[in-house]
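Heads up, the thing below is written out as structure tokens.
Computed from heavy atoms alone, side chains included, the values below leave out hydrogens, waters and symmetry copies. Note that ligands are numbered from 1 as they come in the structure, with each ligand's atoms numbered from 1 the same way.
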Amino acid sequence: MRQLLLLASVALAPVALVAQAKPIRVLVYHDMEGLAGQDDPFTYRFDHPQQYARGQQMLVADLSAVIAGLFDGGATEVNVIDAHGSGNPEPDVPVGSLDPRVKQIFRDKPFRGYVDLVEPDRYDAVAAVAMHSKTGSRGFAAHTITIGMALELNGKEITETELVGYSWGRVNVPLIFVSGDDRLRDDLNTLPWIEFVTTKKATSSSTVELYPVDRVHAEMRAAAKRAVQNIAKAQALKTPSPVTAALRVVPPASLEALKGFPGVKYADNKVTFEASDFGAAYDGWQAIITVARTGYSSVMNEMVAAQPNGQALRLDFSDRLFARWMDYESGRWSPPAPTSQTAGRRYHGSN
Ligand SMILES: [Zn+2]
């Protein structure tokens with residue numbers, strides 16, 4: 001009997017090996033405002049190089065903890081994609097700074113970071129590291145896509161993390177791990193299967209109470225491991241098509257220019273629209289965000305007015321505006337041809 005059992009276990013061994021070898025491929029998105037140990041709002045901005053370099057170190061540390069946990073849990077492949085948009089022409093994660101098994105995603109054409117799926121059939125789960133809460137949640141650097149924008153999907157305002165989730169939900173891939181501040185944790189409390197690690201406690205959009213970084217990294221590693229082990233319990237985020245979408249904005253963004261525009265559903269700095277599906281809604285948000293960003297110029301106008309030569313600057317602007325108009329009308333000036341953006345460049349996400 002004993003021998004028979006032994007024989008049986010030998011015979012079963014290859015089956016067990018095959019089962020263990022089932023690939024689990026995880027794509028990790030990262031932002032840069034929800035980092036452990038981060039309390040300086042300049043650390044996520046490329047235009048403040050010294051602080052940004054510190055932010056990059058913190059980003060690599062957070063990602064490394066999560067990546068280690070994903071592999072601990074049985075992931076067979078982990079890739080990383082930039083979803084931040086710091087202004088850096090290179091990825092925020094310096095090439096070669098992660099576990100050598102990890103590939104950073106590059107493409108040869110620009111792409112919509114959150115929405116254009118990288119190899120839709122490749123991944124079994126997605127994770128999102130160093131994320132931030134949505135506009136109005138009072139988290140550290142709370143925003144959605146950019147300053148002052150609130151994206152509403154079928155009546156509910158969503159975070160960038162949910163943009164990742166809904167994007168991948170279209171191909172039934174679940175979001176399994178997220179890290180960010182306590183306000184983002186509250187934003188995501190309707191998604192209980194997500195392994196969430198709280199990196200810090202927000203006290204305003206520019207201040208936090210930090211948690212011990214080593215402890216947070218240990219939690220990240222353990223939570224990422226659990227996330228892979230429990231992958232079967234995770235749900236893909238689904239949204240019915242067509243979609244009712246809206247963009248609500250707060251200062252310094254503004255949508256008041258659209259008030260009263262025929263065919264535009266506008267109320268209280270919010271525009272509501274119907275879209276055929278999630279991808280079309282995303283394109284709609286982006287288009288209205290471009291309009292809403294014109295509100296930012298109010299800050300520039302204040303700055304100019306506060307300058308000792310503010311009046312002269314305003315006059316100069318006005319004269320240049322008239323000159324541009326007259327030069328165009330006279331055929332002396334035409335807009336520069338769009339440059340071929342793709343030639344010789346590689347694209348890493350939100351760049
Ligand atoms: Zn973001």
Side-chain angles (χ1 to χ4, degrees), residues 27-36 38-48 51-52 55-56 58-60 62-63 66 80-88 91-93 104-105 110-116 118 126-153 157-168 175 177-188 191 194 196-200 202 204-206 208 237 247-250 252-253 281-282 285-286 288-290 292-293 296 347-351:
L27 180 61
V28 180
Y29 284 77
H30 77 76
D31 213 333
M32 217 170 156
E33 293 93 345
L35 293 162
Q38 176 191 46
D39 57 2
D40 178 349
F42 289 155
T43 51
Y44 53 78
R45 292 175 53 188
F46 181 61
D47 45 13
H48 292 273
Q51 292 97 325
Y52 172 72
Q56 286 182 298
M58 290 186 270
L59 177 59
V60 168
D62 278 18
L63 282 170
V66 174
V80 168
I81 186 164
D82 187 328
H84 176 49
S86 62
N88 187 350
D92 299 317
V93 177
Q104 284 178 257
I105 301 294
F111 60 100
R112 301 174 300 175
Y114 285 132
V115 170
D116 287 339
V118 182
V126 289
V129 174
M131 306 304 285
H132 50 82
S133 66
K134 63 192 175 192
T135 291
S137 281
R138 304 205 168 265
F140 185 72
H143 71 280
T144 315
I145 306 281
T146 190
I147 299 165
M149 313 294 172
L151 275 59
E152 194 182 289
L153 179 67
E157 290 187 0
I158 58 168
T159 60
E160 287 175 26
T161 303
E162 288 156 292
L163 284 178
V164 174
Y166 282 112
S167 262
W168 283 93
L175 178 64
F177 173 97
V178 180
S179 66
D181 70 14
D182 60 318
R183 299 293 181 151
L184 177 62
R185 182 191 60 211
D186 295 345
D187 284 348
L188 300 180
L191 314 174
I194 292 176
F196 188 92
V197 174
T198 310
T199 53
K200 53 197 174 191
S204 79
S205 62
S206 57
V208 296
L237 278 179
L247 184 76
R248 178 178 71 84
V249 306
V250 296
Y282 185 81
W285 282 318
Q286 288 290 5
I288 308 182
I289 284 170
T290 307
R293 286 165 68 105
Y296 299 172
Y347 294 85
H348 56 266
S350 294
N351 53 329

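- Residue L163 is tested with L151, V115, L153 for a side-chain contact (heavy atoms from CB on, under 4.5 Å); the sole match is L151.
- Under the salt bridge (Lys or Arg N to Asp or Glu O under 4.0 Å) criterion, the residue pairs touching residues 142-152 are E152-K270, with sequence neighbours excluded.
- Under the 4.0 Å criterion applied to side-chain N and carboxylate O atoms, D181 and R183 are not assigned as salt-bridge partners.
- Within the 2.8 Å limit, E160 places at least one N, O or S atom next to the Zn ion (ligand 1).
- Annotation: ring pair (Phe, Tyr, Trp, His ring centres under 6.0 Å) contacts of F196 (sequence neighbours excluded): none.
- Within D31, the N/O/S atom positioned nearest the Zn ion (ligand 1) carries the name OD2.
- Looking at H132 and the Zn ion (ligand 1) together, the shortest N, O or S contact belongs to NE2.
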